[in-house]
S.K.: 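Below you will find the structure I want to go over with you.
All chains are named by letter (A, B, ...) in the order of the sequence lines, taking the proteins before the strands, and each is independently numbered beginning at 1.
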There are 2 protein chains.
Amino acid sequence: MKILVIEDDASTGAYIAEGLREEGHSVDLIANGADGLVQATIGTYDVMVVDRMLPGLDGMSLVKTLRATKNATPVLFLTSLGGVDDRIEGLQAGGDDYLVKPFVFGELSARIAAIGRRPRTQGDPTSLKAADLEMDLLHRKVTRAGQVIDLLPREFALLEHLMRRKGRVQTRTMLMEAVWDIHYDPLTNVVDTHISRLRGKVDKPFATELIETVRGSGYRIREG
Amino acid sequence: MKILVIEDDASTGAYIAEGLREEGHSVDLIANGADGLVQATIGTYDVMVVDRMLPGLDGMSLVKTLRATKNATPVLFLTSLGGVDDRIEGLQAGGDDYLVKPFVFGELSARIAAIGRRPRTQGDPTSLKAADLEMDLLHRKVTRAGQVIDLLPREFALLEHLMRRKGRVQTRTMLMEAVWDIHYDPLTNVVDTHISRLRGKVDKPFATELIETVRGSGYRIREG
DNA sequence: CTTCGATGACCAGGATTTTCATGGCTTCCC
DNA sequence: GGGAAGCCATGAAAATCCTGGTCATCGAAG
């Protein structure tokens, strides 16, 4: 399991990190909130262990920020604050669990296992949404404003890739690599063509357009 | 949210049940382990709150039994035992969270919300398994013994149908109806042909065969 | 030994994907 | 504002892939 530990106290941090590594996990240890947020954003973790008290950006704000960006990585808060209200606050901020210091390593381990074994639909949603457009990945069904849209396999794959990264521009090169698995420049406009066809099915029949062209770079799904 | 509370102490049980109902949940309250297990088995709940100490069947055994039947309903344990070892034990038994009595209602509520907002994969698995064969429905990837197998769409659909009914014989007619949507007898052996192609990819390269022929009736996936 | 199923080859038709050519629209620069 | 160049959109043609059908042969089960 890939675990990110954000803990400013060096000895506690090392204690946790080493213990988890001994259990076979891959652990990244970060000592402050700001860096932690960056790392959490760029990396992909199964679980995060976050101290509530951190220099700079505190744990609560960190998780709130993360959740606001749709990152749903399970978070286990660590705290020296034992008050009930604090605990509730942590859970409400989007934490998945809470452990009060001092704690026995065994309990941390058990709780991480419990969090980790949760069905990980998290990083892997079964449906993607943007405005009134919805993709059901499991049943391969696409609907917009309640209407079912039939997509060919390649169209589906293309839309899926864009939807998974909605709001972010995808260049033709990125799309060719991801959807076509082409790693050189074939001097073709396959992408354009498919975008065009997608639009014909997904945008044309409706009021607003969700597939945006970003001139000079690529395409993007409008944020829902 | 539908919540099952298994708690023998009448006043605690009522306290929890009423509090949860006030929050708009639908609550069933059961006072002993045996009945609780029955109720958990026949009903469909989003979350279960289980006291560890119960007359008859204790909470731990109850959850273990439940998990053994593949029931993955999230469980929040309640306990008066504050020892660290007990808590670990509960989590390992398949509990998802743990709350030590006495507790403030707000914390119970927050934890239930945290557990409940986990995505449910229940009724609709994202992957199908039989022995060492695995189908990832989300990514349309099939692997056997770690090896990736490429299937054409129709092959995938056929295998999926068989896998969803593994162990049960599917006649050619059933398969044609389900996979080909043909409701008459086209006097052809399409099914045979595709089964053969499937076998070529799924069974042939491996030691044991998973696609069994049931002479005179149809085909079946061997139970994993 | 009779019947049912397995398999491999092959083809045709259709569906899907890619390429290509054209024309429109932007942007930039003078 | 007028071009020119680059970008993009799109329709149609071409190439490719997938599917279903047929058939012949072989093997296994009853």
Side-chain angles (χ1 to χ4, degrees), chain A residues 140-142 149-162 169-206 208-222, chain B residues 140-142 149-162 169-206 208-222:
Chain A
R140 307 244 126 191
K141 267 206 294 199
V142 179
I149 298 176
D150 270 333
L151 294 186
L152 298 176
R154 188 119 276 156
E155 293 165 354
F156 191 96
L158 175 59
L159 184 59
E160 177 181 351
H161 183 86
L162 286 169
V169 178
Q170 294 300 107
T171 65
R172 286 155 224 275
T173 308
M174 290 161 83
L175 292 170
M176 276 199 292
E177 298 222 326
V179 180
W180 277 265
D181 198 28
I182 291 176
H183 300 279
Y184 53 92
D185 183 352
L187 304 167
T188 167
N189 70 344
V190 227
V191 178
D192 297 59
T193 305
H194 279 263
I195 288 282
S196 170
R197 267 214 295 274
L198 251 189
R199 280 178 167 149
K201 295 180 179 180
V202 170
D203 272 347
K204 278 281 179 57
F206 302 89
T208 56
E209 75 163 22
L210 288 174
I211 304 174
E212 294 182 320
T213 301
V214 180
R215 205 185 161 77
S217 36
Y219 301 93
R220 168 176 58 191
I221 295 288
R222 174 112 47 101
Chain B
R140 307 243 126 189
K141 267 206 291 202
V142 179
I149 298 175
D150 270 333
L151 295 185
L152 298 176
R154 184 116 287 154
E155 293 165 354
F156 191 96
L158 175 58
L159 184 58
E160 178 181 350
H161 183 85
L162 287 168
V169 179
Q170 294 301 106
T171 65
R172 287 156 225 275
T173 309
M174 290 161 82
L175 291 171
M176 279 201 290
E177 296 223 324
V179 180
W180 277 265
D181 198 30
I182 291 177
H183 300 278
Y184 53 93
D185 182 352
L187 303 167
T188 167
N189 69 344
V190 225
V191 178
D192 296 59
T193 306
H194 278 263
I195 287 283
S196 172
R197 286 182 189 161
L198 248 190
R199 278 180 167 145
K201 295 181 179 180
V202 170
D203 272 345
K204 276 280 180 57
F206 302 88
T208 56
E209 75 162 21
L210 289 174
I211 304 174
E212 294 182 320
T213 301
V214 180
R215 206 184 162 75
S217 37
Y219 301 94
R220 168 176 57 191
I221 295 288
R222 178 123 32 114

S.K.: Which nucleotides of nucleotides 21-30 of chain C have their base under 4.0 Å from a protein heavy atom (B), which only their sugar-phosphate (S), and which neither (-), written as one string 5' to 3'?
M.R.: B----BS---
S.K.: Under 4.0 Å from OP1 or OP2 of C/dA6: is there any side-chain N or O of B/R199 that close?
M.R.: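 Checking B/R199 against C/dA6: at least one side-chain N or O falls below 4.0 Å of OP1 or OP2.
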S.K.: Is any side-chain N or O of A/W180 closer than 4.0 Å to OP1 or OP2 of C/dT17?
M.R.: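 Negative; the distance criterion is not met.
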S.K.: How long is the line joining CD of B/E212 and P of D/dA29, in whole Å?
M.R.: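 In whole Å, D/dA29 P lies 13 Å from B/E212 CD.
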S.K.: Considering only D/dA9, D/dT19, C/dT17, which nucleotide approaches the side chain of B/R197 most closely?
M.R.: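 Of D/dA9, D/dT19, C/dT17, D/dT19 is nearest to the side chain of B/R197.
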S.K.: Let's see if you can work this out: which of C/dG5, D/dT22, D/dA9 has an atom nearest to the side-chain heavy atoms of B/Y219?
M.R.: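 Comparing C/dG5, D/dT22, D/dA9 against the side chain of B/Y219, the answer is C/dG5.
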S.K.: For the residue pair B/R154 and B/V179, what are the closest heavy atoms and their distance?
M.R.: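 B/R154 and B/V179 have their closest heavy atoms at NH2-O, 3.3 Å.
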S.K.: Any side-chain to backbone donor/acceptor pair from B/R140 onto B/P153? Under 3.5 Å, distance only.
M.R.: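 No: the side chain of B/R140 does not pair with the backbone of B/P153.
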S.K.: Please list, chain by chain and in numerical order, all residues satisfying side chain to side chain donor-acceptor pair (under 3.5 Å) with A/E212, sequence neighbours excluded.
M.R.: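 Residues passing side chain to side chain donor-acceptor pair (under 3.5 Å) with A/E212: A/R220, A/R222.
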S.K.: Can you tell me if the side-chain N/O atoms of A/K204 get under 4.0 Å from OP1 or OP2 in D/dT10?
M.R.: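 Answer yes for this pair, as a side-chain N or O of A/K204 is under 4.0 Å from OP1 or OP2.
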S.K.: Pick base, sugar-phosphate or nothing for A/V214, based on heavy-atom distances below 4.0 Å to the nucleic acid.
M.R.: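 Since only primed, P, OP1 and OP2 atoms lie under 4.0 Å of A/V214, the category is sugar-phosphate.
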S.K.: Between P on D/dT22 and NE2 on B/H194, what's the gap in Å once rounded to a whole number?
M.R.: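 In whole Å, D/dT22 P and B/H194 NE2 are 13 Å from each other.
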S.K.: Base, sugar-phosphate, or nothing: which does A/G200 touch, judged by heavy atoms less than 4.0 Å apart?
M.R.: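 Nothing: the residue A/G200, judged by heavy atoms under 4.0 Å, touches no strand.
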S.K.: Write down the distance between CG (A/L198) and C1' (D/dA9), rounded to a whole number of angstrom.
M.R.: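 Atom-to-atom, A/L198 to D/dA9, this comes out as 14 Å.
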S.K.: Does any part of the side chain of A/T188, heavy atoms only, come nearer than 4.5 Å to the side chain of A/W180, both counted from C-beta?
M.R.: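 Side chain of A/W180 against side chain of A/T188, heavy atoms only: no contact under 4.5 Å found.
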S.K.: Starting from P on C/dT17, measure out to CG on A/L151 and report it in whole angstrom.
M.R.: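 Taking CG of A/L151 and P of C/dT17, I get 10 Å after rounding.
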S.K.: For C/dC20 and A/T188 - does any side-chain N or O of the residue sit under 4.0 Å from the phosphate oxygens OP1/OP2?
M.R.: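 A/T188 to C/dC20 OP1/OP2: no side-chain N or O under 4.0 Å.
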S.K.: Indicate whether any N or O donor in one side chain lies under 3.5 Å from an N or O acceptor in the other, for A/H183 and A/D181.
M.R.: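 Yes, because at least one side-chain N or O of A/H183 sits under 3.5 Å from a partner of the opposite role on A/D181.
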S.K.: Of all the nucleotides listed (D/dG20, C/dT17, D/dT10), which has the minimum atom distance to the side chain of A/S196?
M.R.: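 That would be D/dT10.
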S.K.: Could you state the CG-P distance from B/D192 to D/dG20, rounded to the nearest angstrom?
M.R.: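 Answer to the nearest Å: 13 Å.
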S.K.: Taking the side chain from A/R197 and the backbone from A/E155, do they hold a donor-acceptor pair closer than 3.5 Å?
M.R.: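 No; judged by distance alone, with no hydrogens or angles, the pair does not exist.
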S.K.: Send over the distance from A/I182 CD1 to C/dT17 P, rounded to a whole Å.
M.R.: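 From A/I182 CD1 to C/dT17 P: 13 Å.
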S.K.: Which nucleotide, C/dT18, C/dT17, D/dA9, lies nearest any side-chain atom of A/L152?
M.R.: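 Of the candidates, C/dT17 comes closest.
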S.K.: Side chain to side chain contact (heavy atoms under 4.5 Å, CB included) with A/Y219: which of A/T171, A/V169, A/D192, A/V214?
M.R.: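 Only one option passes, and that is A/D192.
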S.K.: Suppose we screen for side chain to side chain donor-acceptor pair (under 3.5 Å). Which residues come up paired with A/D150, at least two apart in sequence or across chains?
M.R.: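 With neighbours one apart ignored, the set is empty.
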S.K.: Between C/dT16 atom P and A/F156 atom CZ, what is the distance in whole Å?
M.R.: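 In whole Å, C/dT16 P and A/F156 CZ are 15 Å from each other.
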S.K.: If you only use heavy atoms from C-beta on, which nucleotide in C/dT17, D/dT10, D/dG20 is closest to the side chain of A/T193?
M.R.: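 It is D/dT10.
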S.K.: Measure the distance from CZ on A/R172 to C1' on C/dT18 and round it to the nearest whole Å.
M.R.: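 Going from A/R172 (CZ) to C/dT18 (C1'), I get 16 Å.
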